[in-house]
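What follows is one structure encoded as C-alpha cells, with my remarks underneath.
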Amino acid sequence: KHNEANGEDNRDGSDNNNSWNCGAEGPTKDRKIQALRRRQMRNFLATLFLSPGVPMLLAGDEFGRTQGGNNNVYCQDSEIGWVDWTMDTHGRRLLAFTRELIRLRREHIVFHRNRFFLSKVIPGTDKKDVTWLHSDGSEMTEENWHDPQARALGIRLSGEAGLIHLTDRGEQEPDDTFLLLVNASHESVPFTLPAENGGRWQTVLDTALEKSFDSADVFEAGAVVTLTGRSLRLLCLQTG
C-alpha cells in the first residue's frame with residue numbers, strides 16, 4: 001500500500017496486501033514489467049468473469065485504474081480517489097477485453113449456472129459437470145492437489161450438463177464445453193489437452209496475447225499446448 005498522502009504515515013488501510021509489483025515498485029518504464037502487469041490484469045479479470053457466482057468489479061478496474069497504490073481513499077477528494085475516465089491505448093484495450101469477457105459470460109450458461117458443481121458424472125452421459133485436470137491431461141488426484149510444486153491446472157466445464165444448467169425460468173439449457181487452462185508459474189508449462197472422441201479444441205482467448213481474443217489456434221484432442229508463464233487460456237470443444 002501507498003497511503004502516504006493520507007497524513008497518517010501510511011499506518012491507515014489494510015496491511016494484508018497479497019500483491020506483487022512484478023519487479024519494480026510503482027510506475028516504471030521497463031516494458032517487460034509493464035507487459036507483465038497488463039497480462040496479470042487480464043488474468044484476474046478472466047478469473048473473475050469465468051468463475052461461478054456474481055462478479056464484483058470495482059469501477060476503473062476494467063481499464064487499469066490504480067489509485068497510486070492507495071487502498072484507503074475515503075478521505076481523498078483528489079485525483080487519488082477520483083475516477084479519471086480518460087484512457088490511453090492500453091486502457092482502451094483492457095476495457096475491450098473486459099467487454100468481451102462479459103459478453104462471453106452472458107452468452108454461455110456454463111459460466112453463470114445457478115447450481116453448485118458436484119464433480120460427479122451427469123446422468124445420461126459419461127462426463128462430469130466439472131473436471132479438474134493435471135497438466136499431463138489426467139484428472140487431478142488428492143496427491144496432485146497437495147503438490148507444492150504444482151503451478152498449472154485445467155478445468156473442463158461440461159456443456160453436456162444441460163440436464164443441470166437451468167435458465168431463470170427453470171428450463172434446461174445445454175451449452176458448449178469449455179476448457180480453462182491456468183498457469184501461475186513464471187515458466188511455460190506443456191499441457192496435454194483431454195481426448196474428446198475426435199473433437200478439437202478451439203482457442204477462445206489467451207491472456208498471453210495483448211489482444212487476447214484474437215487467437216485462432218485450433219488443437220486436436222490429446223495435443224500438447226504450451227502455456228506461457230503467468231497466463232490463462234480458454235478453449236471451446238468443437239465436434240463433428
Side-chain angles (χ1 to χ4, degrees), residues 1-7 10 12-51 53-108 111-112 180-188 203-217 226-235:
K1 67 178 183 179
H2 282 278
N3 299 352
E4 291 87 357
N6 293 2
N10 206 32
D12 64 310
S14 174
D15 291 323
N16 183 27
N17 296 168
N18 297 312
S19 58
W20 174 53
N21 60 23
C22 297
E25 190 68 12
T28 177
K29 295 182 179 180
D30 188 312
R31 293 186 177 182
K32 289 184 178 180
I33 293 177
Q34 291 175 348
L36 179 55
R37 288 176 177 177
R38 292 194 297 271
R39 189 192 310 164
Q40 292 288 61
M41 292 179 201
R42 295 192 294 272
N43 288 335
F44 291 127
L45 285 167
T47 301
L48 173 67
F49 282 103
L50 300 181
S51 297
V54 180
M56 302 292 286
L57 187 69
L58 179 66
D61 280 357
E62 71 275 20
F63 61 84
R65 175 175 175 250
T66 71
Q67 296 183 166
N70 192 313
N71 69 0
N72 193 31
V73 299
Y74 81 96
C75 60
Q76 287 293 330
D77 185 11
S78 68
E79 291 182 357
I80 295 175
W82 300 338
V83 178
D84 182 359
W85 299 99
T86 303
M87 303 177 210
D88 61 12
T89 299
H90 296 301
R92 290 191 294 271
R93 189 171 290 169
L94 189 62
L95 175 59
F97 174 74
T98 306
R99 285 172 169 165
E100 284 295 298
L101 284 173
I102 294 171
R103 176 195 58 77
L104 183 67
R105 182 184 178 90
R106 293 183 65 180
E107 290 180 357
H108 292 281
F111 299 123
H112 64 264
L180 183 62
L181 306 180
V182 181
N183 179 17
S185 170
H186 66 282
E187 297 179 330
S188 294
T203 299
V204 177
L205 71 90
D206 182 357
T207 62
L209 306 176
E210 287 278 356
K211 296 182 179 180
S212 303
F213 280 88
D214 282 2
S215 175
D217 292 341
T226 299
L227 288 181
T228 302
R230 299 192 176 97
S231 75
L232 174 153
R233 184 190 288 254
L234 179 69
L235 303 101

Open item on the list: I'd like to check L50 versus L104 (side-chain heavy atoms, cut-off strictly below 4.5 Å). Are they in contact?
Closed with: yes
Task: Close side-chain approach of L57 and P55, heavy atoms under 4.5 Å - done: no
Roughly how far, to the nearest 0.5 Å, is [atom2] of [Y] from [atom1] of [X]?
X    : Y   : atom1 : atom2 : answer
N6   : N70 : CG    : CG    : 4.5 Å
H186 : L36 : NE2   : CG    : 11.5 Å
L234 : F49 : CG    : CZ    : 14.5 Å
R65  : M87 : CZ    : CE    : 12.0 Å
H90  : R38 : NE2   : CZ    : 3.5 Å
D77  : W82 : CG    : CH2   : 6.0 Å

Side chain of [X], backbone of [Y]: donor and acceptor closer than 3.5 Å?
X    : Y    : answer
R42  : K211 : no
R39  : G229 : yes
R105 : F111 : yes
T203 : L205 : no
S231 : L227 : no
T207 : L232 : yes
Q40  : C22  : no

Locate the shortest heavy-atom distance separating [X] from [Y]; write the atom from each residue and the value.
X    : Y    : result
H112 : H108 : ND1-O, 3.2 Å
S215 : L209 : CB-CD1, 3.8 Å
N10  : H2   : OD1-C, 3.7 Å
P27  : R37  : CA-NH1, 4.4 Å
T228 : N183 : O-ND2, 3.1 Å
G81  : V73  : CA-CB, 4.2 Å

Task: Qualifying residues under side-chain hydrogen bond (donor to acceptor under 3.5 Å, both in side chains), relative to N17, sequence neighbours excluded - done: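 By the side-chain hydrogen bond (donor to acceptor under 3.5 Å, both in side chains) rule, N17 matches no residue at all.
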Open item on the list: Going by side-chain hydrogen bond (donor to acceptor under 3.5 Å, both in side chains), name the residues that satisfy it together with D88, two or more places apart in sequence or in a different chain.
Closed with: none
- [ ] Please check if any side-chain donor atom of D12 sits under 3.5 Å from a side-chain acceptor atom of N72, or the reverse.
- [x]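 The criterion, which ignores hydrogens and geometry beyond distance, is satisfied for N72 and D12.
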Task: S185 and E187 side chains, donor-acceptor separation under 3.5 Å - done: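 There is no such pair between these side chains.
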TODO: State whether R99 and E62 are salt-bridged, where the test is any N-O pair (Lys NZ or Arg NE/NH1/NH2 against Asp/Glu carboxylate O) under 4.0 Å.
DONE: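 Salt bridge: no.
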Open item on the list: My understanding is that only residues two or more places apart in sequence, or in another chain, count here; which of them pass ring pair (Phe, Tyr, Trp, His ring centres under 6.0 Å) with W85?
Closed with: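 With sequence neighbours excluded, W85 shows a ring pair (Phe, Tyr, Trp, His ring centres under 6.0 Å) to F63, given in chain and number order.
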Open item on the list: For R92, I'd like to know if atom CZ has over 12 heavy atoms of other residues, nucleotides or ligands within 6.0 Å.
Closed with: yes
Task: Check against side-chain contact (heavy atoms from CB on, under 4.5 Å), L45 and L94 - done: CA-CA 9 Å; L45 285 167; L94 189 62; 3.7 Å; yes
Open item on the list: By the definition side chain to side chain donor-acceptor pair (under 3.5 Å), identify the one residue from D15, N16, N71 that meets it with K1.
Closed with: D15
